[in-house]
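One structure below.
Atoms within a ligand are numbered from 1 in the order they appear, just like the ligands themselves.
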Amino acid sequence: MTASLRGRHFLSLEDFSGEEINYLLQLSTEFKRLKQAGLRPKNLEGKNIALIFEKPSTRTRCAFVCACHDEGAHPEYLGKDDIQVGKKETMEDTARVLGRMFDGIGFRGYKHETVETLARFSGVPVWNGLTDKHHPTQVLADFLTIIEHFGTLNGLSFAYVGDGRNNMANSLMVGCAKMGMDFRIISPKELFPSQEIVDISMNFAKDSRSGILITEEIEKGVKGADVIYTDVWMSMGEEAETKKRIKLLKPYQVNLEMMKKTGKENPIFLHCLPAFHNNNTEVSREIGEMEVTNEVFESKFSKVFDEAENRLHTIKAVMVSTIGAR
Ligand code: CP
Ligand code: NVA
């Protein structure tokens, strides 16, 4: 294990070296083992943690809350209607107030600049639990799941299929490039990632001697992939785009035929969740289309619930290491 991450914010994987990401993954593995053994080390005894959530969440919120309880900290959930921020108070002022009371702050919201402001003004570690631009705590859980399955990250091929310019695509591209994984985005041209994030990731890929491919062609993109990843076609806040997105993304649905096109015997399927994979939710019935077939979602390839569980262990590692308890 390596250098201390004490006092650092966790806003984007751009700010962390491959070695530091590996450290967080090793710590996550250790916390998972302890939890499975029924042990709660209480590294955060007596700490207070604020959780500001502008958007809804199941996994991220619960991972923060359960990690706090396991480690002896007190979590305070601040939903969009609970505090004045954005209405009667600026984020600068809110950050300075919360920083006087709390030892760390988790944030989920819209603009990435908001979490950056929170980090700049609070004086305590701030953790990004999703913005429109990045979702780095999710990527740590994705990486832990891949390591559990393949024993490594370096040298594997990762194919992200679908909306190539959303928070997951951005964070996975940065993360895979840092960790030496061959990364592909397979999406329609209209949904290719921004040149800015591609250039940033290309530089990391050069350092880790890996590659990045952005393509519209499914066969070319998924060939040789060890991991097929997708996400919802409309991220939170993009509901008005539904009609347009379905038209663009329908050919990019993950199905068994696509899994076979990898040419690999045992590729894995990952999805950050929540996923549309059957018609058993209000919204999936309304939309009538799914980014992944139920057949793949429920198949032996799918590791999505290991991945969801790993949100807990990885978020715990981020909180404990940046608060400086490990
Ligand atoms: N994957 C993820 O972030 O899930 P939630 O939106 O439920 O937190
Ligand atoms: N891209 C999705 C991720 C959800 C975890 C969204 O932002 O809604």
Side-chain angles (χ1 to χ4, degrees), residues 10-13 28 49 51-68 75 77-80 106-112 114-115 127-146 160-175 185-187 191-194 197 227 229-242 245-246 248-249 252 254 269-277 281-284 286-287 289-292 297 302-316 318-319:
F10 191 80
L11 307 187
S12 161
L13 292 175
S28 308
I49 305 298
L51 302 172
I52 306 177
F53 275 54
E54 292 178 345
K55 289 175 176 170
S57 163
T58 300
R59 280 143 289 269
T60 311
R61 174 178 176 175
C62 296
F64 272 116
V65 168
C66 292
C68 283
Y77 180 79
L78 304 166
K80 67 175 171 37
F107 174 84
R108 162 169 288 202
Y110 290 91
K111 291 195 185 117
H112 192 71
T114 310
V115 77
W127 312 296
N128 177 6
L130 182 147
T131 61
D132 287 343
K133 190 172 177 191
H134 281 298
H135 195 6
T137 59
Q138 176 68 51
V139 175
L140 286 183
D142 302 338
F143 285 176
L144 183 60
T145 313
I146 294 170
Y160 174 93
V161 187
D163 178 4
R165 32 102 280 152
N166 74 7
N167 41 19
M168 281 316 311
N170 288 342
S171 289
L172 285 166
M173 181 158 51
V174 171
I185 285 184
I186 302 103
S187 80
L191 298 173
F192 275 6
S194 72
I197 193 85
V227 182
Y229 198 111
T230 195
D231 185 10
V232 288
W233 291 345
M234 287 74 64
S235 287
M236 288 178 270
E238 297 183 335
E239 292 72 16
E241 302 287 307
T242 302
R245 287 286 169 79
I246 288 176
L248 284 171
L249 286 166
Y252 294 87
V254 176
F269 169 72
L270 296 179
H271 189 309
C272 54
L273 306 182
F276 293 129
H277 60 94
T281 71
E282 220 173 275
V283 180
S284 60
E286 208 177 283
I287 295 176
E289 299 292 343
M290 300 167 277
E291 68 271 11
V292 54
F297 189 88
S302 177
K303 305 295 167 206
V304 296
F305 295 108
D306 291 341
E307 184 186 5
E309 178 195 330
N310 285 337
R311 298 298 310 283
L312 168 65
H313 312 298
T314 45
I315 277 183
K316 196 182 280 183
V318 169
M319 289 202 300

### Message
Under a 3.5 Å distance rule, please check whether Lys133 uses its side chain to pair with a backbone N or O of Asn167 as donor and acceptor.
### Response
no
Practice item. Please confirm whether Leu273 comes under 4.0 Å of ligand 2, counting heavy atoms of the residue only. Key: yes
Once you measure the plane-to-plane angle for Phe297 and His277, does it fall in the parallel (<30°), tilted (30-60°) or perpendicular (>60°) bin? parallel
Closest to atom 6 (O) of ligand 1 (heavy atoms only, candidates Met236, Met168, Arg108) is Arg108
Q) Would His135 and Ser171 count as having a side-chain donor-acceptor pair, cut-off 3.5 Å? A) no
* Using distance alone, determine whether Arg108 and ligand 2 share an N or O pair under 3.5 Å. => no
Are any of the N or O atoms of Asn167 closer than 3.5 Å to those of ligand 2?
-> yes
One should read off an interatomic distance between Tyr77 OH and Cys68 SG, to the nearest 0.5 angstrom, of 14.0 Å
Output for pair (Phe143 CZ, Leu13 CG), nearest 0.5 Å, gives 6.5 Å
re atom 4 (O) of ligand 1, the protein heavy-atom contact at minimum distance is Arg59 NE, 2.8 Å
Taking only non-hydrogen atoms of Arg311 and a 4.0 Å limit, the atoms of ligand 1 in range are 1 (N), 2 (C), 3 (O)
Looking only at protein heavy atoms, what sits closest to atom 3 (C) of ligand 2 is Asp231 OD2, 3.6 Å
Could a heavy atom of Leu273 be found less than 4.0 Å from some atom of ligand 1? yes
Check your understanding: Looking only at N/O atoms, are Ser235 and ligand 2 under 3.5 Å apart anywhere?
Key -> yes
Ligand 2 to Asn166, heavy atom cutoff 4.0 Å, flagged ligand atoms 1 (N)
Exercise. Indicate yes or no: does an N/O atom of Arg61 lie under 3.5 Å from an N/O atom of ligand 1?
Key: no
Note: ligand 1 atoms sitting under 4.0 Å from heavy atoms of Cys272 are 1 (N)
Ligand 1 to His135, heavy atom cutoff 4.0 Å, flagged ligand atoms 2 (C), 3 (O)
- Task: Examine the side chains of Thr145 and Asp306 and answer whether a donor and an acceptor come within less than 3.5 Å of each other.
- Result: no
Atom 4 (C) of ligand 2: closest protein heavy atom, distance to 0.1 Å, is Leu130 CD1, 3.8 Å
message: Show, in sequence, the C-alpha distance, side-chain angles and deciding distance for Tyr160 and Asp231, and conclude whether the side-chain contact (heavy atoms from CB on, under 4.5 Å) test is met.
response: CA-CA 9 Å; Tyr160 174 93; Asp231 185 10; 3.5 Å; yes
- Below 4.0 Å from any atom of ligand 1, is there a heavy atom belonging to Lys55? no
ask   = Is the shortest N/O to N/O distance between Met236 and ligand 2 below 3.5 Å?
value = yes
- [ ] Answer yes or no: is there an ion pair linking Arg165 with Glu241, defined by an N-O contact shorter than 4.0 Å?
- [x] no
Looking only at protein heavy atoms, what sits closest to atom 7 (O) of ligand 1 is Thr58 N, 2.7 Å
One should read off an interatomic distance between Met234 CE and Asn166 CG, to the nearest 0.5 angstrom, of 11.5 Å
| message | Can you confirm whether Glu307 sits close enough to Tyr229 that some side-chain heavy atom of one is under 4.5 Å from a side-chain heavy atom of the other? | response | yes
Say whether, by atom type as modelled, one donor and one acceptor occur between the side chain of Arg59 and the main chain of Ala308 under 3.5 angstrom.
-> no
